[in-house]
Amino acid sequence: MIDAYSEDAPASQALFERASGIVPGGVNSPVRAFKSVGGTPRFMVRGEGPWLFDADGRRYVDLVCSWGPLIHGHAHPAVIDAVQQAAARGTSFGAPTPGEVELAEEIVARTAVEQVRLVNSGTEATMSAIRLARGFTGRTKIIKFAGCYHGHVDALLASAGSGVATLGIPDSPGVTGATASETIVLPYNDLAAVEQALTGESVAAIITEAAAGNMGVVAPLPGFNAGLAELAHRHGALFIMDEVMTGFRVSRSGWQGLEPVDADLWTFGKVMGGGLPAAAFGGRREVMQRLAPAGPVYQAGTLSGNPLACAAGLASLSLADDATYAKLDQTAATIAGLATDALAKEGVPHRLNTAGNMFSIFFTAGEVTNYDQAKQQRVEAFKAFFHSMLSQGVYLPPSAFEAWFVSTAIDDEALSRVAEAVGNAAKAAARA
Ligand SMILES: Cc1ncc(COP(=O)(O)O)c(C=O)c1O
């Protein structure tokens, strides 16, 4: 194990070069490539508790936690044991299993959903929820919010061009204009814009992140989520709460544990899979009963409810009690405090945004309640902060527009590492 850091990462560099020849951009999900911060993405070989170990033998305090799932840290013995036991029984059966029933029961017990369907990724969950909402209402259009990410579903890869209420423009080649035109993109936290859009259009569903975490963390303003539910229902649309990121992370029931809201459908992912591919969508029985084979709206999956993923998810949720969430909240507050104190000491303009135990620091003096404001930050300052932290053994999300995630595995040693690193990182940000 090497604890003396440098910018060089020869083993990661070699792997990245090999990968880049055969995998587009060298990675299997774009943000991993470090494109927005520059430098060589670290190839990880092992995780243990709060630590990640890269191919060069360096270890990092992990504040990404696989983009949210790992609330108990890496390789928690109970999760590993559950997966090993499940694997020994066979990896997939293509038939229903007891584990699926148990995981579905756990989700229903913790949340307001009455029925739930297991899928493999958050993208599948939101895609299926939208199809179901369209099938249920017989309508086509969807309202989403600029800066909210719901996976790489065609209908949801549209963002406002100019920050005003506008018909969606595709964010990616390959998404047809016809698909994008069925998506209305509105500014986050702006109920008046939603009311206006609903008056002119026949909308199938409003979808929102329960608390936005994909433009950096931007919590809903008081009354925003409840207002969306009320407006949707007044206009005959369904309300979909995307809890893929917040679900079972910010409380034992997710965001709805902090702010109960009258949604029709919810989507989950990340934590509920314990680090394996599992996700879900669920909601009111009347709506869910329209899903095949109970109803006509088709949805399926060869590996849905996979026994290994269900075992990891169940083990992870079983461990997630009130003490877990108290520890996550406390650790998030400690780390956010360390970073903001250091930045304040160096006079770096910044803004701490929190949503439960998810947080991010925007390098701007202004408030951030929507995507336009998030884009005002000085990304150069974040990059300098990020690279300084990385070279001192702290792994932050490699983008200024992402949430920082903590785990209960973060102990005093890991906290000391963060505390030692933030001073230099703040100095680097001040110079940038
Ligand atoms: C709120 C939200 N919804 C959906 C998704 C898509 O999930 P997945 O990456 O598992 O497809 C994400 C992924 O980060 C997310 O944060």
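Start at 1 and go down the list; that is how both ligands and their atoms are numbered.
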Could you tell me, for ligand 1, which of its N or O atoms are under 3.5 Å from any protein N or O, listing the pairs and their distances rounded to 0.1 Å?
unit_1, atom_1, unit_2, atom_2, d
ligand 1, 3 (N), D242, OD1, 3.3
ligand 1, 3 (N), D242, OD2, 2.7
ligand 1, 10 (O), G122, N, 2.8
ligand 1, 11 (O), G122, N, 3.4
ligand 1, 11 (O), T123, N, 2.8
ligand 1, 11 (O), T123, OG1, 2.6
ligand 1, 14 (O), K270, NZ, 3.0
ligand 1, 16 (O), N214, ND2, 2.9

Ring centre gap for F224 and F145 strictly below 6.0 Å: yes
Main-chain N/O of L238 paired to D264 side chain as donor or acceptor, under 3.5 Å: no
Verify the ring-centre separation between F386 and F34: is it less than 6.0 angstrom? yes
Sequence neighbours excluded, which residues qualify as salt bridge (Lys or Arg N to Asp or Glu O under 4.0 Å) partners of E286? R284
Do E124 and R117 pass the salt bridge (Lys or Arg N to Asp or Glu O under 4.0 Å) test, and can you show the C-alpha distance, the side-chain angles, and the key distance before you say yes or no? CA-CA 11 Å; E124 261 188 81; R117 167 67 52 88; over 6 Å; no
So if I apply the side-chain hydrogen bond (donor to acceptor under 3.5 Å, both in side chains) rule between E380 and each of Q377, K383, R378, which one comes out positive? K383
